[in-house]
Amino acid sequence: MDIQEIKSLIRDIPDFPKPGILFRDITTLLCDPQGLRSTIDLLAGTCAPLNPDYIVGIESRGFIFGTPVAHQLGCGFVPVRKPKKLPAPVHRVSYDLEYGQDQLEIHQDAISSGDRIVIVDDLMATGGTAKAAAELIEKAEGQLVGCVFVIELEALGGRQNLPEVPIASLIQY
Ligand SMILES: O=P(O)(O)OC[C@H]1O[C@H](OP(=O)(O)OP(=O)(O)O)[C@H](O)[C@@H]1O
Ligand SMILES: Nc1ncnc2[nH]cnc12
């Protein structure tokens, strides 16, 4: 399946979760067998040249895409989670969302110094979430080597918020 076909499987929901937000709903892509497979294949093909030791996926939609990508590449998966979900000692950062504010955490012992890390998430809007994940990786002394998204909302300029690493998205709006 090509990118245009994948894009056609993403559903637009106006005014969710707040008035004025046009929500790009990936659940309709996830439940299409060929759409899901093609999306994972394209993400994995984008991540592979970056030669990661770990894929970092951001709760919750980042888990859906990050784990099968790690499986396909034969590398590990590390979850970045919302507060108070991870049981062992964590690094924590606060960040702004397109529609709110939140915190993210990573286990302190998940990554070793110098490990090559690629962040995978479903969508980049303002880039605040990915920036927070990048800060967590820095605290854990990992080496961020790229960020890969299914969807990029270009008008929100998220790339400008991220560190100087390769940033790729499959679909742009
Ligand atoms: O670039 P940003 O402006 O930071 O926005 C992008 C983030 O927002 C969404 O996650 P959300 O926090 O809604 O959580 P969810 O994955 O659990 O739905 C999305 O999955 C990204 O992680
Ligand atoms: N417009 C949007 N659609 C889906 N997920 C999002 N996360 C942040 N902004 C979003």
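Counting starts at 1 for both ligands and their atoms, following the listed order. Note that the coordinates shown come from a computational prediction; the quantities given were computed from them, not determined experimentally.
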Notebook entry, point to check: When you check the side-chain N and O atoms of D53 and Q143, is any donor under 3.5 Å from an acceptor?
Noted result: no
Notebook entry, point to check: Have S169 and Q172 got a donor and an acceptor in their side chains that come within less than 3.5 Å?
Noted result: yes
Notebook entry, point to check: Which option, I64, T126, V150, owns the non-hydrogen atom nearest atom 2 (P) of ligand 1?
Noted result: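 Nearest option to atom 2 (P) of ligand 1, by heavy atoms: T126.
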Next item on the list: Return the option from K131, E59, R61, K82 holding the heavy atom at the smallest distance from atom 18 (O) of ligand 1.
Entry: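 Closest candidate by heavy-atom distance is R61.
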Item checked: From V118, I117, V120, residue fulfilling side chain to side chain contact (heavy atoms under 4.5 Å, CB included) relative to V56 -> I117
Margin query: By the definition side chain to side chain contact (heavy atoms under 4.5 Å, CB included), identify the one residue from I151, L29, I171, D122 that meets it with R24.
Written below: I151
Margin query: Taking 4.0 angstrom as the limit and counting only heavy atoms of A125, give me the atoms of ligand 2 inside it, by number and element.
Written below: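 So the answer, numbered in order with elements, is 8 (C), 9 (N).
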Notebook entry, point to check: Looking at G127, which atoms of ligand 1 are within less than 4.0 Å of one of its heavy atoms?
Noted result: 1 (O), 2 (P), 3 (O)
Next item on the list: Could you list which atoms of ligand 1 come closer than 4.0 Å to a heavy atom of D122?
Entry: 19 (C), 20 (O), 21 (C)
Next item on the list: Go through E105 and R81 one step at a time and tell me if the salt bridge (Lys or Arg N to Asp or Glu O under 4.0 Å) criterion holds.
Entry: CA-CA 5 Å; E105 298 179 346; R81 297 211 62 180; over 6 Å; no
Item checked: Short N or O distance, R24 and ligand 2, threshold 3.5 Å exclusive -> yes
Margin query: Is it the case that ligand 2 has an N or O less than 3.5 angstrom from some N or O of L22?
Written below: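 Between L22 and ligand 2 (N or O atoms, distance only) the closest approach is under 3.5 Å.
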Item checked: D121 and ligand 1 - part of the residue with a heavy-atom distance under 4.0 Å ->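 Side chain only; the backbone of D121 stays clear of ligand 1.
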Note to self: Under a 3.5 Å distance rule, please check whether H107 uses its side chain to pair with a backbone N or O of V90 as donor and acceptor.
What the structure shows: no
Check: Just wondering, are more than 12 heavy atoms of other shown residues or ligands nearer than 6.0 Å to CZ in R159?
Finding: yes
Next item on the list: May I ask you to check whether over 12 heavy atoms, not counting those of E138, lie within 6.0 Å of atom CD?
Entry: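 Not buried by this count: 12 neighbours or fewer within 6.0 Å.
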Checklist line | Contact with ligand 1 for G158, non-hydrogen, under 4.0 angstrom | finding: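 No, G158 has no heavy atom closer than 4.0 Å to ligand 1.
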Next item on the list: Heavy-atom distances under 4.0 Å are what count here, so tell me which part of L153 touches ligand 2: side chain, backbone, both or neither.
Entry: side chain
Checklist line | Side chain, backbone, both or neither: the part of R61 lying under 4.0 Å from ligand 2 by heavy atom | finding: side chain
Check: Applying the 4.5 Å side-chain criterion to the ILVMFWY set and letting contacts propagate, would I58 and L86 be lumped into a single cluster?
Finding: no
Margin query: For the 3.5 Å polar cut-off, considering only N or O atoms, please tell me whether L123 and ligand 1 meet it.
Written below: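 No, no N or O pair falls under 3.5 Å.
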Item checked: Test of proximity, G62 against ligand 1: N or O pairs below 3.5 Å -> no
